[in-house]
Amino acid sequence: MSETENEVKDPRIQGIKTKIRVVPDFPKKGIMFQDITTLLLDPKAFKDTIDLFVERYRDMNISVVAGIEARGFMFGPPIALAIGAKFVPLRKPKKLPGEIIFEEYELEYGSDRLEMQVGAVDSGDRALVVDDLIATGGTLCAAMNLLERAGAKVVECACVIELPELKGRERLEGKSLCVLVEYR
Ligand code: AMP
């Protein structure tokens, strides 16, 4: 759990933590892969995860939830529906038709880029960025840049898991980050 102002203290968190499977050396040697598919297999732990975020964001006037492909698509839409916000997918290259903007970023293993459709987000939108995990923070930075370039205000980023040793939080330059589980 995060030792920050955004710490979520709740008895449900321990149950969530036990459902995340850690797979050593996947997808390559040295990576401790945090597998959230085992969390999705447990309806109670999955619901608790969504509920904790919904309880936090329902009164924050969020107008758009932006989910990062692919695991942000598993947590973002149920949060968006529950808080009455639109959902905007931030996708890997060449998936979105029409006019797009993009940001390139570094991953813990490799590099990639995120794309967003022009017109999905309006200036004045209040955004929540959702992903499964923050490692180095590069993905969340790219997502925030896309939203801010479209004129949105990023209110907070929300991830199920943080890898604190990779210091991704420091890259967010003071932007709020809420995580449920820390893996050390
Ligand atoms: P980063 O940009 O370094 O913060 O990496 C975060 C993104 O990469 C997220 O979309 C994660 O799904 C994925 N990722 C990075 N490291 C891991 C890991 N150890 N286990 C699972 N997913 C990871």
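Numbering of ligands and ligand atoms starts at 1, following listing order. In what follows, residues are counted from 1 in the order of the sequence shown.
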Exercise. Do the side chains of Ile134 and Leu172 get nearer than 4.5 Å, heavy atoms only?
Worked result: yes

Looking at Leu133, Leu172, Thr136, the heavy atom closest to atom 14 (N) of ligand 1 belongs to Leu133

For Leu163, the ligand 1 atoms with a heavy-atom partner under 4.0 Å come out as 19 (N)

A student checking ligand 1 against Thr139 at a 4.0 Å heavy-atom cut-off should list atoms 1 (P), 2 (O), 5 (O), 6 (C), 7 (C)

Residue set satisfying salt bridge (charged side-chain N to carboxylate O under 4.0 Å, His left out) with Arg149, at least two apart, ordered chain then number -> Glu103

### Query
Looking at ligand 1, does Gly168 have a heavy atom less than 4.0 Å from it?
no

(message) Is there a polar contact, in the sense of an N or O pair closer than 3.5 Å, between Ala135 and ligand 1?
(response) yes

The test is salt bridge (Lys or Arg N to Asp or Glu O under 4.0 Å); show your working for Glu148 and Lys153 and say whether it passes.
CA-CA 6 Å; Glu148 280 167 4; Lys153 175 181 167 45; over 6 Å; no

Nearest heavy atom to atom 9 (C) of ligand 1, choosing from Asp131, Asp35, Val22, Asp112, belongs to Asp131

| message | Could you tell me if the side chain of Val181 sits less than 4.5 Å from the side chain of Ile13, heavy atoms only? | response | yes

Donor-acceptor contacts, no H, no angles, side chain residues 88-101, under 3.5 Å, sequence neighbours left out:
residue: Arg91; atom: NE; partner: Glu69; partner atom: OE1; Å: 3.0
residue: Arg91; atom: NH2; partner: Glu69; partner atom: OE2; Å: 3.1

If we number the atoms of ligand 1 from 1 as shown, the ones under 4.0 Å from a heavy atom of Asp132 are 9 (C), 10 (O), 11 (C), 12 (O)

